[in-house]
Amino acid sequence: MKKLLFAIKDYEYLAEKVLACSDFEKGELEVSHFTDGERYQRIISGIENRDVIVIGGTVTDEATLELYDLASSLVSYGANSLTVVIPYFGYSTMERAVLSGEIVTAKTRARLLSSIPKSNRGNKVLLFDLHSEGIQYYFEHDLYPVHVYCKDIVIAAAGQYGGDNFVMASTDAGRAKWVESLANDLGVNPAFILKRRLKGDHTEVSAINADVAGKTVIIYDDMIRSGGSIINAAKTYKEAGAADIYVITTHGLLVNNGMEKLKSSGLIKKLICTDSHVNTQLINDDFVEVRSIAGLICNAI
C-alpha cells in the first residue's frame, strides 16, 4: 500500500513536487477557520495502519502548531508510521543562550514536536541544513531525527556558475568548516573573512584567508534573512579584487526586502536558493533561481 503524504497549508507547493517525484498517495484534509480565527482541521483520508508523511516547515508560530496538531492526530487516528518533514526549522539561530535568561527556542520547539504521540513503528523527523549541527539532538523520546544535507544542490549550482576559476566563500569564519567541506568536494579553494570585534555588535574585517583577485567568488550561507551579512561579505570580496560574485543559500527567507537589497547592491550577479521556505514562492525575478529539495525528500524517505 502506498505511503500517504499530507502537508500543512504553507507547504502544499512542496508536497505537490514530492508527489510528482514519488509513488506516494496524496492525503486529503479539510481545513478552515472559525470567525474568531481558530483553525478547523479534519483528516478525510483513511489512515489506519498506513505509513504517513507530513510536510511542514515551522516558518511561523501558527504553522508550527498546525504541523503539531496534524501530526499528533495522524498518530491518534492509527497511522502505522509517521515521518515529519521540516524543510525549514524556525528559531534555529536561537540554539543557545548568550545572555542570562534567554530562551533557547530551538530547544523548546524541538521538545514540543517530540511530544507527538508515537506511532506503531515509530516517528522520524527530517531536517535540512540546520544552522547548528547540535539542533537535531534537541529532539527527545521516540522521535528519531535525520539531518539531510543539501550539499548536492549547492555543489551543482556552484559548478554551474563557478566556471573554471572560482573560490567557495563564506560570510565569516563561523561557516568556514562547512564551506571548506564544499570546497574540497568541488576541488577549489575555500575563502572566509576574518573579523575583529570592536565594541558591542561592531566589527571590522581584519583579513581574508585566500586570494580572490580576478576570480569568481561563490558565497554560501545556510540561510539569508534580510541579506545584510551577505552584502557586507560581497563588498569585502569585491574590494579584495573578486570578479563575479554569486550567492547560494539553502533557506531563502529574504525578509525586509532582502531580495531587493541584494539585487540593488550591484555586487551580486545571481542568488540561488532552495524552495525550503515558503517565502521563495513569492519571488518573481530572474535575479533569483529557486531549486527544489523535493528530490532530496523522496530519496530520504
message = If you apply the rule side-chain contact (heavy atoms from CB on, under 4.5 Å), what do you find for Val59 with Asp10, and how did you get there?
response = CA-CA 9 Å; Val59 291; Asp10 281 344; 3.8 Å; yes

Residue pair Thr250 / Asp129, side-chain donor-acceptor N/O under 3.5 Å = yes

key: Asp164 CG: over 12 foreign heavy atoms closer than 6.0 Å   = no

task = Answer whether the closest heavy-atom distance between the side chains of Tyr144 and Asp142 falls below 4.5 Å.
result = no

note = Taken to the nearest 0.5 Å, the spacing of Ile153 CD1 from Leu296 CG works out to 4.5 Å

inquiry  = Tell me if a side-chain donor or acceptor on Ser73 pairs with a main-chain N or O of Leu70 at a distance below 3.5 Å.
reply    = no

key: Flag side-chain contact, heavy atom, 4.5 Å: Ile55 against Leu5   = yes

request  = Decide if the gap between the ring center of Trp178 and the ring center of Tyr149 is smaller than 6.0 angstrom.
outcome  = yes

request  = Report yes or no: does Thr249 contribute a side-chain atom to a donor-acceptor pair with the main-chain N or O of Gly252 at less than 3.5 Å?
outcome  = no

query = Do the charged groups of Asp69 and Arg39 touch, with an N to O distance under 4.0 Å?
reply = yes

request  = Sorted by first residue and then second, give each ring pair (Phe, Tyr, Trp, His ring centres under 6.0 Å) pair with at least one member in residues 274-301; sequence neighbours left out.
outcome  = Tyr88-His277

key: Carboxylate-amine/guanidinium proximity below 4.0 Å for Arg121 and Asp51   = yes

ask   = Do Lys107's NZ or CZ and the ring of Tyr138 fall within the cation-pi criteria of under 6.0 Å and 45°?
value = yes

query = Hey, does the side chain of Tyr11 reach the backbone of Ser276 with a donor-acceptor pair shorter than 3.5 angstrom?
reply = yes

query = Between Thr93 and His131, is any side-chain donor less than 3.5 angstrom from a side-chain acceptor?
reply = no

query = Got Val154 and Leu182 here, is their nearest side-chain heavy-atom distance under 4.5 Å?
reply = yes

task = Please report the C-alpha distance between Asp244 and Lys238 in whole Å, then the side-chain angles of each, then the deciding distance to 0.1 Å, and finally whether the salt bridge (Lys or Arg N to Asp or Glu O under 4.0 Å) criterion is met.
result = CA-CA 8 Å; Asp244 293 334; Lys238 184 65 75 171; 5.4 Å; no

ask   = So, does Lys270 use its side chain to make a donor-acceptor pair with the main chain of Asp286 at under 3.5 Å?
value = yes

ask   = Would you call Arg291 and Glu289 a salt bridge, using N to O less than 4.0 angstrom?
value = yes

request  = Apply salt bridge (Lys or Arg N to Asp or Glu O under 4.0 Å) to the pair Glu30 and Arg42, showing each step before the final yes or no.
outcome  = CA-CA 5 Å; Glu30 179 184 348; Arg42 179 183 173 219; 3.7 Å; yes

Donor-acceptor pair, side chain of Ser45 and main chain of Glu28, under 3.5 angstrom = yes

message = Please determine whether the number of non-hydrogen atoms from other residues, nucleotides or ligands lying under 6.0 Å from atom NZ of Lys9 exceeds 12.
response = no

Exam field: side chain His147 to backbone Leu130, donor-acceptor pair closer than 3.5 Å = yes

task = Taking all non-hydrogen atoms of both residues into account, name the closest pair between Lys261 and Ser226 and its distance.
result = CD-O, 3.7 Å

query = Between the side chain of Asn256 and the main-chain N/O of Gly258, is any donor-acceptor distance below 3.5 Å?
reply = no

query = With a 4.0 Å cut-off, would you call Lys17 and Asp275 a salt bridge?
reply = yes

ask   = Within the distance-only criterion (no hydrogens, no angle test), does the side chain of Arg50 pair as donor or acceptor with the backbone N or O of Lys2 below 3.5 angstrom?
value = yes

Student check: side-chain heavy atoms of Thr58 and Leu67 closer than 4.5 Å = yes

Heavy-atom closest pair, residues Ile248 and Ala157 = CD1-CB, 3.8 Å

inquiry  = Testing Val217, Asp185, Leu186 one by one against Met168 for a side-chain contact (heavy atoms from CB on, under 4.5 Å), which residue passes?
reply    = Leu186

ask   = If you measure from the Lys or Arg side-chain nitrogens to the Asp or Glu carboxylate oxygens, is any gap between Glu102 and Arg96 under 4.0 Å?
value = no

remark   = In this structure, CZ of Arg225 is separated from CG of Leu254 (nearest 0.5 Å) by 12.0 Å

query = Is the CG atom of Asn284 crowded by more than 12 outside heavy atoms at less than 6.0 Å?
reply = no

query = So, do Val31 and Tyr40 sit near enough that their side-chain heavy atoms are less than 4.5 Å apart?
reply = no

message = Please check: side-chain N/O of Asn279 versus main-chain N/O of Leu253, any donor-acceptor pairing under 3.5 Å?
response = yes

task = Applying ring-ring contact (aromatic ring centres under 6.0 Å, His included), name anything that partners Phe139, two or more places apart in sequence or on another chain.
result = Phe89

task = Can you measure from OG (Ser229) to CE (Met223) and round to the nearest 0.5 angstrom?
result = 9.5 Å

task = Mark yes when over 12 heavy atoms from residues, nucleotides or ligands other than Ile44 sit less than 6.0 Å from its CD1; otherwise mark no.
result = yes

ask   = Above 12 or not: heavy atoms from other molecules or residues under 6.0 Å from NZ of Lys151?
value = yes

